Amino acid sequence: MSTKQTILIVEDETNIANFMAAILQANDYIVKTAKNGQQAETMISSHCPDLILLDLGLPDMDGIQIIKSVRKWSAVPIIVVSARDREYDKVEALDLGADDYITKPFGTSEMLARIRTALRHGITAAEAPNESGIYKSGGLCVDMIRRRVTLDGEELHLTKIEYKIVMLLCLHGGRVLTYDFILRNVWGPYTDRDNQILRVNMANIRRKLEKNPAEPRYIRTEVGVGYRMPDNELIVTM
Ligand code: CA
């Protein structure tokens, strides 16, 4: 029995679909392709792929429609492949349940890294986020049991809100979190969606966390979309 994972490419541009298929096959994935939305919906329900690479600009429908209909019945990881300068689309896709996005043109290693992260999160998605682990990335260590954050061995003093933001990003390491997602999870579901409060807190966190806040190492800005922390080992302690 094959243990290879199946990836469905939904893309109407043949060149791009072929390019992605070749890379994925070389990396031991089984590849299926769909050229339009209708074909995609049929293939998703009949082949149950392990991951979907989804172009938003399809000839017969908006890729957003596919995310909506798939999320009614499946948690399969979806990575949106979008054109440049369509931040609004990316945010909408992520808030509707897409796992991540890559922007055309993208590099091979970037695509493979995003796929690995999304597949790993897909496997653990059924479990509640583990809030009793230790996240490590470079000199940064976030100990969620003792609620302690250290940078190069020195303890950082974060406010309660700052700590909640950092912990949320650690728990979703490698994934981009939208402003809306962070606001809802840190301030609660009824917060008025004010990005300004998040920006102020993020600036304060970076002042404490980053040696050079202009070139952040730990918390990356995804312009117009949100923030992402590196995908690092979350050490789970029981
Ligand atoms: Ca297209």
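Each ligand, and each atom within it, is numbered from 1 in the order the structure gives. It should be emphasised that the depicted structure is a prediction, and the values quoted were computed from it without experimental measurement.
Under 4.0 Å is where a charged nitrogen must lie from a carboxylate oxygen, and between D100 and R175 no such pair does. Ion pairing between K160 and E162 fails under the 4.0 Å rule for side-chain N and carboxylate O.
Under the 3.5 Å distance criterion, with hydrogens and angles disregarded, a donor-acceptor pair is assigned to the side chains of R206 and T221. When only modelled atom types and interatomic distance are considered, S69 and E41 share a side-chain donor-acceptor pair under 3.5 Å. Between the side chains of T178 and D95, a donor-acceptor pair is found at a separation under 3.5 Å.
Atom CD of E154 has 12 or fewer neighbouring heavy atoms from other residues, nucleotides or ligands inside a 6.0 Å radius.
Atoms of the protein (N, O or S only) found under 3.0 Å from the Ca ion (ligand 1) are D12 OD1, D55 OD2, G57 O.
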